[in-house]
Every structure is written in C-alpha cells, then in structure tokens.
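What follows is a short report on a single structure.
Just so you know, residue 1 is the first one in the sequence shown, and it goes up from there. Everything numeric in this text was worked out from a predicted model, so none of it was measured.
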Amino acid sequence: MMNTARTGGLADPEGNQKEPLVSFKDVGLSLGGRPILEKISLDVQPGEFLCIVGASGCGKTTLLRLVAGLFKPNSGSVSVAGNQVKAPSRSVAMVFQDYTNALLPWRDCTGNVSLALEGLGIPPAERAVRVSDLLAKVGLAGHESKFPGQLSGGMQQRLQIARCLAQNPSILLMDEPFGALDALTRRSLQDELLRLVHDTGVTVLFVTHDLEEAIYLGNRVVALKSYPGRIAAMHKVDLPKQRNHIETPDLPAFRSLRHELYSFFADDHR
C-alpha cells in the first residue's frame, strides 16, 4: 500500500528540515454550500516538483487556485514563503490546459511574452533581449513574429510557459498543461519542462490525470480522494533526476509506484 497521508518534506544534506515555500494548514473550502476540500495539510519545499492526481471533481485545480490567490479557504490557511495568501502575486504563475484561450491571438509570440514584462514595468529597451532569451529557452527561436493561430498546440503551450517564466516566478502552477496534446508532443514537452525546472529552480505544483506523467515528472505524488477532496496518500518518487522516456519507465521504482497508484485508484472506485 502507499504511504499514509502526511505533510512530507525535504531535508538538506545535513538532515535539517527546510522551510516550506507553500503550506496548506488544515484547509477547508466550500463553494455554493458544497464542500470541495476538507482538512488539507501539505507542505511544498523550494525547488520541489509536486504532482497532484485524483479523479475529476476531487479539488486538484482548486488547490492551485488557492495558491494563486483566486480562492480563499473557509477554514485553515494557505501561505507562500511564510505569508498568508490573500490575493494573486507575481511570484506565482499559472499555466492552463486551454492554451488557445490563455494566449492573445492578436499578439505575436514576442507580444505575448512581452505582456508579462509590461506588467512588471520593464522598460521597452530591456524587453527584446529577455523575450528573445525566453523564446529560445522554450524552443521557439525563429518563431518570434508568428501569431498563436500559426502555431501547433505544442508550440502554443511552449509560448504560454515562456510568458509565465517572464514573470520570474518562484512558483509555477500547472493545470493539466499537456492533457490536450498528442502523445509524442506531450512527452517532448515533459522533457522540456524538466529541463526548464532544472535551469530555473522554480517550484512546480502540477495537476494531471495521467499517473505515469505524475511519476515521470514529480519528486512527490499526492493522491486526492473525492467528495470532499482530501489527501488520501502521498509518495516520494525515488527516481534519478535525469529521466528519459525510453529507460525511466522500465526502472523497478517506476513500475512499483505505477502499480501502487493504479491499485490505489482501482480500490477507491470499488
């Protein structure tokens, strides 16, 4: 069986517990009189890649919206860097699954990424270099003048990620960002994301229905049960940092965790 629910945490090489970047303390949330989340307690450490899985309606996206300051809990608290979340912050960026509506169709790639820099008050003279660098990081060099409608789905999602990174966030919230893409594009973007996370050190909270995606990307996987949403189990992902889609799924640790996750959700639906 999987580990029982706990807040979890990471330690430095000397064994000292690090201060969490994101902290849920006994969080409860109801919308329209319906309980959505119940007694959520969870710490996310700086630099962690936390994947959240669960059935539709279990509150996965709601957890992200609480961190983003879009919802406020009815009970308990959500804090970022020790400060209670009360409103949206530039230190937190969110990547949506629906990239077609997240991008501005009347702005080209440069203009879409520049939007975040404009909001930060970056002078026009500084924007060009930063935009060019960000587009190159996500594999869109040479596409600066193309509009979203001229890009493939994978390229549009890369553009949305570049715009989020332009904020220089400490936390990246990702709500099933690859769910609408074909399998080959999804795998390519998963590898791109791992590289970007390694390069930037950003902390990621990643929602997905794909259990194998959660194992491949995450440092930890949190499983939610539904009605109301609550943490049922979480597991540390014991895989090398360097991962690839050929060898990693064949590792014993990957196969073992995949079996545990699938068994967990199969039992939950009986």
Side-chain angles (χ1 to χ4, degrees), residues 49 51 60-61 64-65 68 70 88-210 212-214 216-217 243-246:
F49 198 127
C51 288
K60 302 186 298 295
T61 297
L64 299 189
R65 290 175 176 168
L70 302 177
S89 165
R90 288 175 177 171
S91 68
V92 180
M94 191 160 184
V95 177
F96 300 94
Q97 178 181 358
D98 188 1
Y99 44 80
T100 56
N101 289 321
L103 300 170
L104 300 181
W106 59 88
R107 284 193 174 210
D108 60 16
C109 289
T110 295
N112 266 281
V113 177
S114 182
L115 180 67
L117 300 177
E118 292 166 22
L120 292 171
I122 304 298
E126 296 180 24
R127 291 179 204 157
V129 173
R130 292 184 62 173
V131 168
S132 179
D133 179 60
L134 285 164
L135 290 175
K137 277 185 177 180
V138 298
L140 289 177
H143 300 279
E144 292 85 354
S145 298
K146 289 185 179 179
F147 291 87
Q150 298 174 298
L151 304 175
S152 68
M155 293 169 77
Q156 289 184 54
Q157 195 58 292
R158 282 187 172 94
L159 180 57
Q160 189 189 176
I161 292 171
R163 190 175 65 186
C164 287
L165 292 176
Q167 293 179 212
N168 195 27
S170 57
I171 300 167
L172 194 60
L173 308 175
M174 309 191 79
D175 189 9
E176 297 190 67
F178 308 143
L181 302 173
D182 65 85
L184 290 177
T185 302
R186 183 165 63 246
R187 289 173 181 171
S188 174
L189 283 179
Q190 288 167 356
D191 289 336
E192 289 285 342
L193 177 60
L194 288 176
R195 180 182 59 78
L196 287 168
V197 170
H198 178 268
D199 291 346
T200 62
V202 67
T203 300
V204 181
L205 277 70
F206 189 100
V207 162
T208 180
H209 279 100
D210 187 331
E212 293 192 8
E213 179 174 64
Y216 186 78
L217 293 174
R243 304 174 188 183
N244 65 75
H245 284 286
I246 297 175

May I have the step-by-step check of side chain to side chain contact (heavy atoms under 4.5 Å, CB included) for Arg186 and Asp210, ending in yes or no?
-> CA-CA 11 Å; Arg186 183 165 63 246; Asp210 187 331; 4.1 Å; yes
Could you tell me whether Glu118 and Arg107 have a side-chain N and a carboxylate O separated by less than 4.0 Å?
-> yes
Is Ser170 close to Ser91 at the side-chain level, that is, under 4.5 Å between some pair of heavy atoms?
-> yes
Could you tell me whether the side chain of Leu140 reaches within less than 4.5 Å of the side chain of Met155, counting heavy atoms only?
-> yes
State which residue, out of Gln156, Arg158, Gln157, fulfils the side chain to side chain donor-acceptor pair (under 3.5 Å) condition with Gln160.
-> Gln157
Can you tell me if Thr208 uses its side chain to pair, donor with acceptor, with the backbone of Glu176 under 3.5 Å?
-> no
After noting the C-alpha distance and the side-chain angles of Leu165 and Lys137, does the key distance pass the side chain to side chain contact (heavy atoms under 4.5 Å, CB included) rule?
-> CA-CA 10 Å; Leu165 292 176; Lys137 277 185 177 180; 5.7 Å; no
To the nearest 0.5 Å, atom OG1 of Thr110 lies from atom CG of Leu115 at 12.5 Å
Where the side chain of Ser188 meets the backbone of Leu184, is there a donor-acceptor pair that is under 3.5 Å apart?
-> no
Within a strict 4.5 Å, meaning less than it, do heavy atoms of the Pro88 and Leu70 side chains meet?
-> yes
Euclidean distance, Phe147 CZ relative to Leu104 CG, rounded to 0.5 Å = 11.5 Å
Do Val207 and Leu64 pass the side chain to side chain contact (heavy atoms under 4.5 Å, CB included) test, and can you show the C-alpha distance, the side-chain angles, and the key distance before you say yes or no?
-> CA-CA 8 Å; Val207 162; Leu64 299 189; 3.7 Å; yes
Should the pair Asp199-Arg195 be classified as a salt bridge under the 4.0 Å nitrogen-to-oxygen rule?
-> yes
Flag, side chain of Thr185 to backbone of Gly154, donor-acceptor distance under 3.5 Å | no
Report yes if some heavy atom in the side chain of Phe178 is under 4.5 Å from a heavy atom in the side chain of Tyr99; otherwise report no.
-> no
Are any non-hydrogen side-chain atoms of Leu159 and Val138 less than 4.5 angstrom apart?
-> no
4.5 Å side-chain heavy-atom contact, Arg163 and Leu103 | yes
Taking the side chain from Asp175 and the backbone from Phe96, do they hold a donor-acceptor pair closer than 3.5 Å?
-> no
Quick check: does any side chain N or O of Asn112 sit under 3.5 Å from a backbone N or O of Asp108, one acting as donor and the other as acceptor?
-> yes
What are the two closest heavy atoms between Leu172 and Cys164, and how far apart are they?
-> CD1-CB, 3.9 Å
Can you find a heavy atom in the side chain of Asp191 that is under 4.5 Å from one in the side chain of Asn244?
-> no
Minimum-distance pair of heavy atoms, taken over all atoms of Leu217 and Phe206 | CD1-CZ, 3.6 Å
Derivation and outcome, side chain to side chain contact (heavy atoms under 4.5 Å, CB included), residues Leu135 and Cys109 = CA-CA 8 Å; Leu135 290 175; Cys109 289; 4.3 Å; yes
Note, Ser114 side chain near Arg127 side chain (heavy atom, < 4.5 Å) | yes
Rounded to the nearest 0.5 Å, the CD atom of Gln150 sits from the OG atom of Ser145 at a distance of 9.5 Å
Would you call the rings of Tyr216 and His245 parallel, tilted or perpendicular if under 30° counts as parallel and over 60° as perpendicular?
-> parallel
